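The structure under discussion appears below in the form of structure tokens.
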Amino acid sequence: MSLTELSIGTCARAYGTACIHEHACVRCSLLRLDPAQHGRLVEIQGNLLDLITEAEREGWLGEIEGLRVSLVGAQSRIDQIDSASGGMAINLGMPRKAPGSTRRREQRR
């Protein structure tokens, strides 16, 4: 499987296969985000808000719902990057053998 590079990450969809999202990648679960593209996602979100305003003004009722779904997807992706990058590192400590673990191995032999 080859991956397709996108402006906001990588698409895991097999190259050459049809995309049901019609290039609205923020909707797609196969998008693997590039956290460095946070600013681009914010820009996409702003563009979607502008397009929704224009569609409402022009009466393009068929476009409004699709744009709103994309807007929710863009916000979800922004939240995904924010939550992944905003967390503190957690020290899990060093692994150690459980008490009696060597005894069990000796009994199996």
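If you're wondering where the values come from, they're calculated on a predicted model, not measured in any experiment.
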Side chains of residues 30-40: which donor-acceptor partners sit under 3.5 Å, not counting sequence neighbours?
from, atom 1, to, atom 2, distance (Å)
R32, NH1, S29, O, 2.8
D34, OD1, A36, N, 3.0
H38, NE2, D82, OD1, 2.9
R40, NH1, E43, OE2, 3.3

Side-chain donor-acceptor distances from residues 54-69 under 3.5 Å, at least two apart:
from, atom 1, to, atom 2, distance (Å)
E56, OE2, R68, NH2, 2.7

Q | Heavy-atom closest contact (R77 atom, C25 atom, distance) | A |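 Residues R77 and C25, closest heavy atoms: NH2-O, 4.3 Å.
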Q) Of the non-hydrogen atoms in S70 and V26, which two are nearest, and what is the gap between them? A)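 Shortest heavy-atom contact: O-CG2, 3.5 Å.
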(Q) Just verifying a value: how many Å separate L49 CG and I44 CD1, rounded to the nearest 0.5 Å? (A)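 Answer for the CG-CD1 pair, L49 versus I44, is 12.5 Å.
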**Q.** same_hphob_cluster(V42, L51) at 4.5 Å side-chain heavy-atom cutoff
**A.**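 Yes, V42 connects to L51 through the hydrophobic network.
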Q. Within the side chain of S83, is there an N or O that forms a donor-acceptor pair under 3.5 Å with the backbone of D79?
A.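 Yes, S83 side chain to D79 backbone: donor-acceptor pair under 3.5 Å.
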